[in-house]
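These notes are about the structure you will find just below.
When reading the values below, keep in mind they use all heavy atoms of this one structure, side chains included, and skip hydrogens, waters and symmetry mates. Here is how names work: the chains are called A, B, and so on, in the same order as the sequence lines, proteins then strands, and each is numbered from 1.
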Protein chains: 2
Amino acid sequence: MSGMRGTLSRQGIVEAAMGLLDREGEAGFSMRKLARELGVDPMALYHRHASRRALMQEVMKALMLSCPLPDPSGDWRADVRGLCQGLRELAHRHPGSFRAYVVFEDWVPAEHLLHEELYATLLAAGFPARDAVRAVRLLLSYTESFAVDELTGWLEPLGPRELHALEASLAGGAFPAIAGLIETIASPDAEADFAFGLDVLLAGLGQVPRDAVPATGYQQPK
Amino acid sequence: MSGMRGTLSRQGIVEAAMGLLDREGEAGFSMRKLARELGVDPMALYHRHASRRALMQEVMKALMLSCPLPDPSGDWRADVRGLCQGLRELAHRHPGSFRAYVVFEDWVPAEHLLHEELYATLLAAGFPARDAVRAVRLLLSYTESFAVDELTGWLEPLGPRELHALEASLAGGAFPAIAGLIETIASPDAEADFAFGLDVLLAGLGQVPRDAVPATGYQQPK
DNA sequence: ACCTGAACACCGTTCAAGT
DNA sequence: ACCTGAACACCGTTCAAGT
């Protein structure tokens, strides 16, 4: 892209933007920096994308189009787990873009690919419409929050400096519960913690809809 | 604050910053605009707060200090619900600051007040340390995500323009599950949806830790 | 001790001009 | 048709100067 003479393809700009975002984070991203990397005048970008926001939408689209979507297995719980895990892997592959995606206030049709799989899985498992919509919101916001926490470093063991800062903030004894949990807080385990959350959600989803009586005749998924 | 001659108290700046943030959102906030509102030179602010980031930390502190913390009732589920509901109300009261808080990458000791209540509640309910820490992460990220979605408007019924945009994005029939759920997606109910998610989490939390072996870590229940 | 104001190195974006 | 470059209205922050 960078060396191509006079040619700034729409897609080339989007890929470069995604790379810059992933390398430097949203705070480190700017249209001017992107243009510098591509070796063009900043305004050349505006010929292909009307604004920074429009370009961001294209980046989000590219991001969501590259979200892994494992094939259905027949077991809805396994499928839900796989789809959430795929989204989490996307976050690991594209940390800056993923973070920007989660914070971004617009939606983008490319999200439909993942949503469709989740909805289809839950509907096939017998969830009534309302519960399926709520469950998907729950699963996505869990996975997105968890992944963003990972990217921020909140699921890595605390270093001595961070541990000391935490201990210092507890001085005075006003927070006995936190103080008693300090070793646990200091030693998270991203894989096990993520699995725990999914298990809680799946267990809860298997229980709660029982009392909902939808028009369509709901069977509790087992 | 604005008219006080020559006096810029630390707290006055923080309150004005919180107000500006809530009124205009993070994108609409700047040190210069804040100074303009306070009727001082932008650099006067730096005399009290070393940087925008430091000021933001003070805003986050003030925000978390004003989080409602309902008294314990003896029923851990009710207490968890109340604490999450309090956090959600904080978001409604301080939309811009809350959003900034969720996106903010630093933590602030004032968060301990809410965390302590949640940890104490769960520990008293018999949760082992590891599960309590995981549960608190789960409950907080659920509530924060939900509240941010509310602030973004994703829990208000879709207007005709938005509905049309969604329908247009489904043209071609590639997303039958979404298409079938369109009316449900278009008519969320913030109160009921929030309660549903809490019910799922509480039901799941009541199930999952039972099989966990506290000392060694988590084993997946079947 | 506290506030000011010029200055620096940035932003996103508009617009007229170049090829 | 596509790119450029000056310009505008912003940023956060440094630093020397004022009171």
Base, sugar-phosphate alone, or nothing: which one does B:Arg52 contact when heavy atoms must sit under 4.0 Å apart?
-> sugar-phosphate
Nearest-nucleotide wise, let me know which of A:His47 and A:Met43 is further upstream toward the 5' end of DNA chain D.
-> A:His47
C:dC10 OP1/OP2 closer than 4.0 Å to side-chain N/O of A:Arg36 = no
Euclidean distance, atom CG of residue B:Asp41 to atom P of D:dT13 [Å, nearest integer] | 14 Å
Provide, to the nearest angstrom, the distance between the NE2 atom belonging to A:His49 and the C1' atom belonging to C:dT13.
-> 16 Å
Using whole Å, report how far CG of B:Leu38 lies from P of C:dT4.
-> 11 Å
For A:Met64, which of A:Val59, A:Leu113, A:Leu90 qualifies under side-chain contact (heavy atoms from CB on, under 4.5 Å)?
-> A:Leu90
Just wondering, more than 12 heavy atoms not from B:His92 lying within 6.0 Å of its NE2?
-> yes
Interatomic distance, B:Lys33 NZ vs D:dC10 C1' [rounded to whole Å] | 10 Å
Please work out whether the ring planes of B:Phe98 and B:Tyr101 are parallel, tilted or perpendicular, with thresholds of 30° and 60°.
-> tilted
Starting at CZ of A:Arg32 and ending at C1' of D:dC3, how long is that distance when rounded to a whole Å?
-> 16 Å
Across all strands shown, which nucleotide pairs with D:dG12 by Watson-Crick or G-U wobble geometry, both distances under 3.5 Å?
-> C:dC8
Mind calculating the distance between CZ (A:Arg53) and P (C:dG12) to the nearest angstrom?
-> 15 Å
Just how far, in rounded Å, is P of D:dC11 from CD of B:Glu26?
-> 14 Å
With both distances under 3.5 angstrom, what nucleotide forms a Watson-Crick or G-U wobble pair with D:dG18?
-> C:dC2
Does a side-chain N-to-carboxylate-O contact under 4.0 Å join B:Arg48 and B:Glu58?
-> no
What orientation do B:Phe146 and B:Phe194 show, parallel under 30°, tilted 30 to 60°, or perpendicular over 60°?
-> tilted
Nearest-angstrom distance from the residue atom CG of B:Leu45 to C1' of C:dT4 = 12 Å
Ranking C:dG12, D:dC3, D:dG12 by distance to the side chain of A:Met31, first place goes to C:dG12
Which sits closer to the 5' end of DNA chain C, A:Ala50 or A:Ser30, going by the nucleotide each is nearest to?
-> A:Ser30
